[in-house]
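Below: the structure, in structure tokens.
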Amino acid sequence: MLDKAYDAKKYEDAIYMKWEDSGAFKADANSKKPPFTISMPPPNATGQLHLGHAIMLALEDILIRHRRMKGYEALWLPGTDHAAIATQNKVEKVLAEEGITREQLGRESFLGRVREYVANSQDIIRNQVRKMGSSCDWSRERYTLDDDLNTAVNEVFVRMFEDGLIYRGHRIVNWCTRCSSTLADDEVEYVEAQSSFYYIKYGPVTIGTARPETKFADKVVIVHPDDERYKDYVGKEIEIDWIDGKIKAKFIADKEADMEMGSGAMTITPAHSFVDFDLAQKYKLEVMPIIDTDGKMLPVAGEFAGMDALECRGKLVKKMDKLGLLESIDENYSHNLSVCYRCNTAVQPLVSNQWFIDVNKKIKSLGGKSIKQKSVEVVKKKEIEIIPNRFDKTYFHWMDNLRDWCISRQIWWGHRVPVWYCVGDEKCKPSCKNPIVSRETPKECPHCKSKNLKQDEDTLDTWFSSGLWTFSTLGWPEKTADFKKFHPTSVLETGYDILFFWVARMIIMTTYATGEIPFEKVYLHGLIRDKEGRKMSKSLGNGIDPIEMIEKFGTDALRMSMVIGNTPGNDMRLYEEKIMAYRNFTNKLWNASRFVIGIFEEKGIKKAPELDLGSLSDADEWILSKTYSTISAVDDALMNYRISEAGQLLYDFLWNDFCDWYLELSKGDKQNIAVLYHVLSTTLKLLHPIIPFVTEQIWTELPGSSGMLITEPYPEPLDRDFDADSIDLVTEVISAIRRMRAENKIQAADKIPVVLYGHKEMHALEKNMAELVRLARISELTLKDDGPKLPGAATDVAAGVDILIPLAGLVDTEKEKIRLKKEIDNLAKYIATLSGKLSNKNFVQNAPKAVVEGEQKKLADAEVRMNKMKEQVDNL
RNA sequence: GGGCGCUUAGCUCAGUUGGUUAGAGCGUCUGGUUUACACCCAGAAGGUCAGAGGUUCGACUCCUCUAGCGCCCACCA
């Protein structure tokens with residue numbers, strides 16, 4: 001016998017072990033089944049599982065389990081990401097508590113510390129992924145720093161270099177002075193900040209800036225070609241007074257200058273501004289760095305050299321004021337300050353020697369297209385479908401505006417750039433200065449044969465390696481069976497917040513490296529927020545710990561609460577009451593099963609009873625009809641990624657149809673063991689992808705159950721129609737009687753006499769008299785075709801059946817009158833709407849026949865009901 | 001500045017190509033231990049679907065505009 005309430009904690013871990021040990025999660029590359037593949041977005045190999053992971057795991061596990069049961073060769077490949085900067089920062093923080101820096105430790109010892117830290121977190125993550133019930137193939141688990149993934153990284157790097165896509169250059173980059181590293185454009189975030197804005201006299205013009213300390217070497221003024229004010233200066237060099245005396249300033253006309261803004265003239269600082277850098281390139285101007293990579297002023301700043309940039313600003317402004325260069329200061333200037341997405345330190349644009357990927361170079365292997373064009377094309381051509389598709393626009397916009405991607409980072413933790421330099425050998429030729437780009441550590445310099453080689457100090461952007469995730473994890477560049485069978489993957493499921501960081505880069509890297517798309521669909525889920533709609537964060541302390549919720553309500557409840565009532569791409573709020581509601585659902589399922597299994601035990605059923613479709617009661621027909629329409633609807637929803645809908649359908653079916661009606665109906669003498677078994681086991685299968693643990697546990701308690709639910713085939717629709725009409729009618733009549741009882745304050749325990757005039761529905765009523773009597777708590781049921789009004793009886797009409805409760809003493813006449821009047825008013829309005837509709841020629845002509853007929857039937861029914869109600873009022 | 005989303009019952013949200021007297025869960029109210037379940041059962045109240053126009057026989061659904069909230073991108077000399 002099952003426990004009275006389902007206690008998730010008691011079963012979940014053991015069930016997971018059973019699944020995992022059975023090999024049910026393992027995919028077979030040699031299978032003949034069609035593949036269905038998901039590459040799990042690898043959680044960072046640091047810290048803990050959070051709700052973002054939890055919803056990802058829940059959604060993906062649902063898809064995988066459904067397809068596995070449907071007969072696909074389902075591979076869900078798990079792994080972790082080394083998360084370069086994020087991880088290095090964490091370990092640096094730990095070190096800081098010990099009072100040491102990574103420089104003090106040295107590169108190798110530091111990396112040792114990081115590896116230690118990562119190994120520990122990976123264990124935590126793995127266990128938490130298991131806690132969520134994730135049916136992923138652990139035998140194929142990967143880590144972005146695994147040797148074979150490193151091989152893939154080097155392979156792609158070398159190929160891109162050989163194709164001229166990767167180059168090294170002095171270019172302007174985003175620089176985080178705290179991380180001492182470059183950042184990609186989208187790794188920069190913007191926060192609103194208040195600061196001072198300075199108006200400075202620059203010869204004949206006034207320039208405005210928030211960062212005067214970058215202005216030491218400004219020698220070019222840009223004005224708009226149409227600006228009349230500065231027409232005479234354009235193309236000329238003018239001597240002006242500047243910070244350290246007289247300099248020559250050149251005037252250039254370019255549309256970049258905005259006539260409306262300030263004085264309409266601006267000076268440019270090519271080394272510390274992206275726009276200015278582009279202008280400098282365009283006009284071949286000198287790019288003079290002012291600030292170094294530590295955020296300190298360079299010698300060009302004269303007396304300020306070596307000073308921190310911010311400190312310099314204050315002192316410089318004072319000096320400018322003395323020189324009469326400062327015109328005014330706007331103290332309330334608000335602007336967007338660019339900060340590092342990992343540590344929130346202000347980002348300094350500066351010029352540095354870095355590795356880049358050229359996103360605009362057209363290459364042969366992509367049919368003369370650039371990687372950017374190719375990535376746009378696969379989505380435009382619907383080879384990749386983004387769900388919801390409104391994110392197409394966002395994706396295209398981002399791709400169209402993508403600049404060359406800076407991929408080198410000056411941190412230690414990550415894939416070392418596979419480039420070597422020949423250092424200091426007497427025989428060195430000039431050509432030795434060319435970098436040696438190689439898949440493997442080269443033994444000697446190809447030019448001078450020197451063995452004194454030094455590898456590039458930099459590591460690669462973490463998104464470079466995660467961009468390869470769908471194929472590097474399948475053994476590429478080897479032509480493995482796994483790669484052939486499981487790539488391209490079927491769907492990438494992840495949060496919309498990493499559409500650019502990751503999804504877009506996967507498309508770029510995969511189409512380039514493999515000539516295949518990485519995945520056929522992208523399913524983007526929204527962010528999980530707290531009850532007030534705020535983002536969950538450590539500082540607010542409003543985060544929900546998924547592991548804690550699992551302890552409290554069970555994994556199934558947590559999974560279901562994150563999946564129902566949520567549509568792709570939209571954020572959702574999550575809180576305990578919501579999870580509790582689905583805990584209640586798992587308990588409902590448990591108890592319904594407990595009831596059914598109890599009956600089996602009572603009757604000594606030891607194996608699955610055979611379903612005899614030849615001898616079914618109306619109730620059996622009804623529940624089978626609902627079951628089979630649910631199978632189709634749920635399957636259709638899941639195949640088309642409408643996961644919430646699938647969950648909702650099953651919730652309603654189990655609770656409303658199966659428990660509230662069918663189980664109650666089955667408590668009578670027409671109880672059909674085989675139907676009970678069949679419907680329950682089908683429901684368990686349908687629910688299994690969403691709530692795997694409780695369904696698996698119940699499955700093992702079913703008589704004759706062998707094996708595991710996880711490997712059961714998914715239910716298929718039957719080629720036979722079932723008749724739901726009779727019981728639809730009966731439930732409607734029962735509900736009407738119950739309503740009348742409640743309105744007349746008839747005690748639930750009291751049984752009452754009821755008269756039914758069945759009219760056309762006699763047959764259905766006659767067959768189900770016992771059910772009516774029991775579920776409506778009737779003492780004496782009189783059933784006739786038609787009959788007289790009964791004085792003092794409460795009356796209603798449901799589904800064409802007259803319902804009369806003739807016990808004068810039971811019925812409160814006054815209340816009954818009020819109720820009827822209200823109902824009559826209601827009906828009158830309804831009838832007016834309907835007849836208005838039907839008297840409209842255009843409606844009758846244009847609307848589909850079925851719709852018109854539907855409306856006519858509604859009108860007829862309403863009129864019948866109206867008349868009965870009126871008669872009844874007179875009768876009281 | 002460009003783009004996107006949201007606005008539906010007290011709260012949180014569904015609503016698939018336009019045709020339901022607009023749904024669910026929670027909450028509220030009224031009853032209730034009847035062969036599983038009080039993590040429950042039966043019943044009820046509660047909405048001019050943000051506002052204004054338009055298309056249509058018909059709009060929560062399509063179009064335009066307005067308002068509020070939120071997000072993304074760009075810019076910020």
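Below, chain A is the first sequence line, B the second, and so on; all start at residue 1. Quick note: numbers below take in every heavy atom, side chains included, and nothing from hydrogens, waters or symmetry partners. All values reported here derive from a predicted model rather than from experimental measurement.
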- Item | nucleotides 41-47 of chain B: protein proximity per nucleotide (B base, S sugar-phosphate only, - neither; heavy atom, under 4.0 Å) | SSSS---
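Note on A:Q747: a side-chain N or O is less than 4.0 Å away from OP1 or OP2 of B:G32. In this structure, A:N584 does not reach the B:C37 phosphate: none of its side-chain N or O atoms is under 4.0 Å from OP1 or OP2.
A salt bridge is defined here as a Lys NZ or Arg NE, NH1 or NH2 lying under 4.0 Å from an Asp or Glu carboxylate O, and A:K535 with A:D530 fails to meet this definition. With respect to the salt-bridge test (charged N to carboxylate O, under 4.0 angstrom), the residues A:E532 and A:R573 do not qualify. By the 4.0 Å N-to-carboxylate-O rule, A:D669 lies too far from A:R774 to be salt-bridged with it. With respect to the salt-bridge test (charged N to carboxylate O, under 4.0 angstrom), the residues A:K531 and A:E576 do not qualify. Salt bridge present: A:K857 and A:D861 bring a charged side-chain N and a carboxylate O closer than 4.0 Å.
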Would you list the protein and nucleotides 8-11 of chain B atom pairs, both N or O, that sit under 3.5 Å from each other?
none

Between the protein and nucleotides 56-62 of chain B, list every N/O to N/O distance that falls short of 3.5 Å.
residue, atom, partner, partner atom, Å
B:C57, O2', A:N840, ND2, 2.9

Can you name the atoms? Protein N/O to nucleotides 1-4 of chain B N/O, anything below 3.5 Å, with the distance.
residue, atom, partner, partner atom, Å
B:C4, OP1, A:K393, NZ, 2.4

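Shown here for A:L663 and A:A592, the closest heavy-atom pair between the two residues is CD1-CB, 3.8 Å. Contact between A:K578 and A:S561 at its shortest, heavy atoms only, is O-CB, 4.1 Å. Taking every heavy atom of both residues into account, A:Y6 and A:N587 meet most closely at N-OD1, 3.0 Å. Considering every non-hydrogen atom in both A:I268 and A:A280, the closest pair reads CD1-N, 4.5 Å.
Contact annotation for A:Y190: base contact, defined as any heavy-atom pair under 4.0 Å involving a base atom. Within 4.0 Å (heavy atoms only), A:Q845 reaches no atom of the nucleic acid at all. Within the nucleic acid shown, A:K578 comes within 4.0 Å of sugar-phosphate atoms alone, with no base atom in reach, counting heavy atoms only. Across all strands shown, A:Y333 has heavy atoms under 4.0 Å from sugar-phosphate atoms exclusively, and none from any base. Note on A:Q648: only backbone sugar-phosphate atoms sit closer than 4.0 angstrom, heavy atoms only; bases stay farther off.
Rounding to whole angstrom units, CG of residue A:N570 and P of B:U12 are separated by 15 Å. Between A:W590 atom CH2 and B:C39 atom P the separation is 17 Å, expressed in whole Å. One interatomic measurement links the two molecules: CG of A:D185 to C1' of B:C72, which rounds to 15 Å at whole-angstrom precision. Summarising the geometry, the separation between CE on A:M266 and C1' on B:C75 is reported as 12 Å, rounded to the nearest angstrom. Rounded to an integer number of Å, the gap from CG of A:D571 to C1' of B:C69 is 13 Å. When the C1' atom of B:G70 is taken as reference, atom CG of A:D497 falls 15 Å away, rounded to whole Å. Put simply, CG on A:D636 is 13 Å from P on B:U17, counting in whole angstrom units. B:A36 atom P lies 16 Å from atom CG of A:L665, rounded to whole Å.
Sequence neighbours left out, the pairs with a member in residues 834-852 of chain A that pass side chain to side chain donor-acceptor pair (under 3.5 Å) are A:K837-A:E855. Pairs engaging residues 642-656 of chain A under the salt bridge (Lys or Arg N to Asp or Glu O under 4.0 Å) rule: A:D636-A:R642, A:R642-A:E645 [sequence neighbours left out].
The side chain of A:R529 sits closest to B:C71 out of B:C39, B:C71, B:U21. When distances are taken from the side chain of A:N587 to each of B:U30, B:C39, B:G19, the shortest belongs to B:C39.
A:Y11 and A:Q697 share no side-chain donor-acceptor pair at under 3.5 Å. For the residue pair A:T269 / A:D218, a side-chain donor-acceptor distance below 3.5 Å is found, with atom types taken as modelled. For the residue pair A:T494 and A:H525, no side-chain donor N or O sits within less than 3.5 Å of a side-chain acceptor on the partner. In summary, the side chains of A:T209 and A:K215 do not present any donor paired with an acceptor at a separation below 3.5 Å, with no hydrogens or angles considered. In the model, A:D227 has no side-chain atom that pairs as donor or acceptor with a side-chain atom of A:Y233 under 3.5 Å.
Classification of the A:F500-A:W398 ring pair by plane angle, with boundaries at 30° and 60°, yields parallel.
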- In dot-bracket, 5' to 3', how would RNA chain B read with Watson-Crick or G-U wobble pairs under 3.5 Å, [ ] for crossing ones and | for pairs to another strand? (((((((..((((.....[...)))).(((((.......))))).....(((((..]....))))))))))))....
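A search for side-chain hydrogen bond (donor to acceptor under 3.5 Å, both in side chains) contacts involving A:E385 returns A:K521, not counting sequence neighbours. In this structure, A:E189 has no side-chain hydrogen bond (donor to acceptor under 3.5 Å, both in side chains) partners at least two apart in sequence or on a different chain. Legend: residues meeting side-chain hydrogen bond (donor to acceptor under 3.5 Å, both in side chains) with A:T567, ordered by chain and number and at least two apart, are A:N570.
Distance check on atom P: B:A50 versus B:C60 gives 10 Å, rounded to whole Å. For the P atom pair drawn from B:U66 and B:G2, the interatomic distance equals 12 Å after rounding to whole Å.
Screening A:Y651, A:W590, A:F553 for a ring-ring contact (aromatic ring centres under 6.0 Å, His included) with A:F585, the sole residue that qualifies is A:Y651.
Heavy-atom nearest nucleotides on RNA chain B were determined for A:Y582 and for A:Y496, and the one closer to the 5' end corresponds to A:Y582.
Counting distance only, with no hydrogens placed and no angle test, the side-chain atoms of A:K4 and the base atoms of B:A38 include no donor-acceptor pair under 3.5 Å.
Contact check of residues 550-567 of chain A against RNA chain B (heavy atom, cut-off under 4.0 Å) returns A:G565, A:T567. For the segment residues 591-603 of chain A, the set of residues with a heavy atom within less than 4.0 Å of an atom of RNA chain B comprises A:N591, A:A592, A:R594, A:F595, in numerical order.
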